[in-house]
Structures are given as structure tokens and as C-alpha cells.
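Nothing here was measured: the structure is a model prediction, and the numbers come from that model. Each ligand, and each atom within it, is numbered from 1 in the order the structure gives.
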Amino acid sequence: MVSDLSELGNFIDGAFHFPAGPTIDVWEPAVGEVYAQIPDSDAAVVNSAIVAAQTAFPAWAALEAEQRAAYLFQLADALEARLPELAQAESKDTGKPLWLAQSVDIPRAVRNFRFFASALPHFASESHSSQGFLNYTLRQPLGVVACISPWNLPLYLLTWKIAPALAAGNTVVAKPSEITPLTAYLLGEIAIQAGLPAGVLNLVMGSGAKTGSALTADSRIKAVSFTGSTRTGAEIARVVAPKFKKLSLEMGGKNAAIVFADCDYEKTLETLLRAAFSNQGQICLCMSRVLVEASIYDRFKADFVARAQAIQVGDPLLPDSRLGALVSLPHLEKVRSYVDLAIQEGGSVLCGGTPLQMQGRIEKGWYFAPTVLEGLSANCRTNQEEIFGPVVSLMPFESESEAVDVANGTEYGLAATLWTNDHARVMRLSPVLQAGVVWVNCWMERDLRTPFGGVKMSGLGREGGWDSLCFFTEPKNICFAQ
Ligand code: NAD
């Protein structure tokens, strides 16, 4: 077992390696200091991971579904046994509050493995019988697949891909974000603890441009499952499309909440504060545009701003800190630049708008005040581009159709929320909202069986339940003369 957390190496063929060569610093956002290095793995390292995964594939794919499921349950148990340590690691690596990593990120990683372990034995394929013929469809694993994840929900999103890929009988080369590699590194230790056969799961560390692109370009990789920015998704699509690999892309968002005067006011306000600022606004599903019916706009604005100002930003280790640090200094500068842009575009800053200078242990950390903007046109850049920070733009609307036009009027289409007690309105609006997910009077409630993903520039394909298992298998139809 490896316990030195200052060198986070690759996990290949069941063992850790730290290759000689360039490294990348890993920062602790809460305190603004480097605490570890990862290798910036090159194509030769990626090759060794792919070879290990190819070698492990036949035996892994040949296991009975229940045997593979048993391994996944063991991974879930081993993760759960180390939950406090993993939550500490996730908080240190991302700057998110420890309580959030304890209650959301790591439990969800455990749940991802349990969910697909219990789904697998029930995963059936179709058969079609006609006079004289029986067609039946095999769903076979693809081979070696790549799983690439972002920094905002590191272990949560990486395991959301690894679990179905392994369940379906594939072997995996996974690349976590170079900004937040720690829990992926620990997942290597957990794979050893859980007795996962060597080579079934490999984790390669490094930058997107070097390690990620070597992985996606390799012809031995049969599918790429990616979550991250739309810009990177487009680059991966450019490389992968001519090779006709299976491709799943979960990308950015500019999600709209539509608040009607007949909503459950208190519940709406509280949930939208969470939806705007959870994880420092660094969730693809955060509601960054809040459209409010004109008749309640002033009241809503006053209450929303007052409560946003009262949100405690602080040391992620303290239970009272509702928000922690942003993930990196460049990201904080990006968020700040969007507030400057909003002012140039004619917007007003109702609260926040600046980084926060903290004291003591966290004085060098990257903290940003919860920020509420108003007075911006629906089409300005601030209301069109993904900021991915604790910044929300309020806009009044007069009619349903105006609200829908504004909500739909971006290139993104990940999620939308509706806040109303008028069921007929829900039935009218839900189908016309251009989003992969519409939450009505709730936010981020995730039933793992449901299709999850975006439309337009937010995504390609769906994850979750059978969608994930279908993505990670190839259907083959057998037509049998009876
Ligand atoms: P990013 O696109 O910069 O990086 C994501 C991953 O891709 C990282 O592991 C990175 O190293 C890798 N990568 C970068 N270039 C690559 C290349 N050329 N080839 C292969 N891999 C490459 O995204 P990020 O900044 O880490 O994450 C934030 C973004 O992720 C936001 O846009 C957010 O909306 C999005 N996101 C989407 C979802 C969703 O489910 N739709 C969930 C979480 C985050």
C-alpha cells in the first residue's frame, strides 16, 4: 500500500508507478499551496496502461455478471470503509467544504459502484421472434475504454463512468483531472484492497493536452466517456469521430431557473440559493440564470440577495462554512473577469463580486463572495457563457413565452428548473424547454436510473441506468432460422 501523498503516481496493471519526466503541481485551494506532484504522463505511459487493460480484458469479460458485480460491491465496501479519509482528500484537493464531500461526493461514489453492481445481473437484451426465425441480441463489452473526468466532482464523476464500464465487462484506462487527482489516486489503493484483478482498472495522471489526447487518439481505445468543458468535448470529438469510436460527452451548461409567482416561495428561494452557490457554483447543473416573474421580482430579489450575503464562506474544514474555496487561482481570475464583464455590459452587482481576503490558515486561499447580478440583457456574454463560479444573474419576465425564449436562448441545454404550482403549466413548458433534464420544484434530485445528459452544446448521449450499460456494450443481432 502506498501512503506518501506527495507523489501521486499512475496506477497501472495493479501497481503504482511514478515515471521520470515532467510533473504537474497539485494545489490545495483552501490554503493556496502546492501539496503534491503528479506525472504529466506521455504516450509511452498511456500505452503501458492500454496494454495492461488489453491483457486483462478477456478474463474480465468472461466472468459471469454476478462475479463482476461482486467485485463492484467489494469496491463500494472498500470505498465506504475509507469514507472519512476520502472526504478529507476531496476537500483538500478541490477546496469544497468537508461536510459536502462527506455527505455528497464520496457517498455518491460508493453508490455508483453499488448501483451498477446491482443493475448488472438484471441487464437483459432483446429478442424478436417471427415465423421461422428468432432474432436475439447480444450486448458484448467493447474492450478497453477511456473515462475522462473534470475537477468539480472528482471521484463522484469518475466512478459514475468507471462503474458501468467495468460492470459491462470492459477494462478501463481512466484519466482524472490534473487539477484534482487525489481521490483517483486513492481509488488505485482501493482497487488493490478490493482484490480487483490487475489491469482491469488503470489510472493515468497528466494534462489533457498530453495524457488525455494520447488516450483518446489511440485506436485500441474502443469508447471515450468524457465529462468536462464544451471546448474540450469538441476537441475530443474532432479526434475521435474519424475513428468511429463510441463517444459520450457531458459538457457545460448555462442553466435557467424559471420562477413563477404561484411557486412555493420559501422552498423556491432556499433551493435556488443552493442551486446557485453549492460547491462555489462549480457544478454543471448550477442555476446561473434565475428568471423571476415580474410581479414578485422585487421581493424575490431582496430576499435572494439578503440570504446570499448571509452565506458563510470559509475554511472548508469548518462545519459552518457553507462555501469553501474556488478550485484554482486561474479559475478565480476567470470568475472575477466575468464580474468585470457584467459591469461593462451594463449590469449591476447586487452583492459580492470580489474575491475574499481570509485570515489565518486560509489567508492565501482562493475565496470568492457569492455574487448576484441584475440588469443584464439575455443575450450578453455574461448571460450566455458558462462562468462556473458563485455568480448568478437575475432577470424579470412578463410571460411564459418570454421566459421560455430566454431560457432556451443559449447554445447550452443541460438542465432547467421550473418553480410553479400550476400543473398544466408544467405540462406545457417541460416539453419545450431545451434541456436534457427539467426539475420541477426541486433541483439536483438524482435517481440513477434516469437518463442524464444535455442537448445542444451541453452533451452527446446519456448516462445513467441502462443508458450507461448500453453505451459500454455493443449490440450484436443473431438471426437464427428455427
Ligand atoms: P476540462 O474540459 O478542462 O477538463 C476535463 C477533463 O478533460 C480533464 O481531465 C482534462 O485533463 C481532460 N482534457 C483536457 N483536454 C483534453 C484533450 N485534448 N483530450 C483529452 N482529455 C482532455 O473541464 P474542467 O475545467 O475540468 O471541468 C469543468 C467543466 O466540466 C465545466 O464546463 C462543467 O460544466 C463541465 N461539467 C459537466 C458535467 C456534466 O455532467 N455535463 C459535470 C461536471 C462538469
Side-chain angles (χ1 to χ4, degrees), residues 24 26 38-41 43 46 93-94 96 104-105 108 112 146-161 173-181 183-184 203-218 221 224-241 245 247-255 278-288 326-328 330-332 334-335 385-389 410-415 435-437 444 446 448 450-464 467-468:
I24 300 173
V26 187
I38 56 166
D40 193 8
S41 303
V46 170
D93 216 14
T94 59
K96 71 177 66 200
V104 176
D105 292 71
R108 172 61 190 273
N112 287 339
C147 299
I148 301 177
S149 56
W151 49 257
N152 65 325
L153 301 165
L155 193 64
Y156 173 135
L157 289 173
L158 193 63
T159 54
W160 180 232
K161 298 178 182 305
V173 180
K175 196 199 90 60
S177 168
E178 61 275 33
I179 300 171
T180 55
T183 47
L203 298 147
V204 287
M205 304 294 178
S207 61
K210 191 167 167 185
T211 316
S213 62
L215 187 57
T216 52
D218 196 293
I221 295 290
V224 176
S225 175
F226 166 81
T227 298
S229 65
T230 298
R231 198 173 57 175
T232 305
E235 169 60 17
I236 290 175
R238 190 186 65 74
V239 171
V240 163
K245 300 176 187 195
L247 180 59
S248 165
L249 299 172
E250 298 289 346
M251 302 182 289
K254 191 73 182 176
N255 311 305
S278 287
N279 205 37
Q280 298 73 247
Q282 303 167 136
I283 303 179
C284 55
L285 303 166
C286 277
M287 293 290 133
S288 51
L326 298 199
V327 78
S328 69
H331 191 57
L332 179 132
K334 175 187 158 184
V335 172
E385 298 175 14
E386 187 183 45
I387 301 173
F388 216 56
T410 76
E411 63 178 10
Y412 293 109
L414 188 54
V437 184
M444 223 176 141
R446 293 283 294 113
L448 302 188
T450 60
F452 176 85
V455 300
K456 302 197 287 187
M457 299 294 269
S458 288
L460 180 75
R462 292 292 180 274
E463 294 186 318
D467 285 296
S468 291

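Under the salt bridge (charged side-chain N to carboxylate O under 4.0 Å, His left out) criterion, no residue pair touches residues 208-217, with sequence neighbours excluded.
Residues I236 and V224 form a side-chain contact, since some pair of their non-hydrogen atoms from C-beta on lies under 4.5 Å apart. Residues V437 and L414 form no side-chain contact, since every pair of their non-hydrogen atoms from C-beta on lies 4.5 Å or further apart. In this structure the side chain of E411 never reaches within 4.5 angstrom of the side chain of K254, judged on heavy atoms.
By the salt bridge (charged side-chain N to carboxylate O under 4.0 Å, His left out) test, D218 is found to be paired with R220, residues two or more places apart in sequence or in another chain being considered. Partners of S468 according to the side-chain contact (heavy atoms from CB on, under 4.5 Å) rule, which considers only residues two or more places apart in sequence or in another chain, are F116, P164, E463.
Within 4.0 Å of ligand 1, the residues that place a heavy atom are I148, S149, P150, W151, N152, L157, K175, P176, S177, E178, G208, G212, S213, F226, T227, G228, S229, T232, E235, I236, E250, M251, G252, C284, E386, F388, L414, F452, listed by chain and number.
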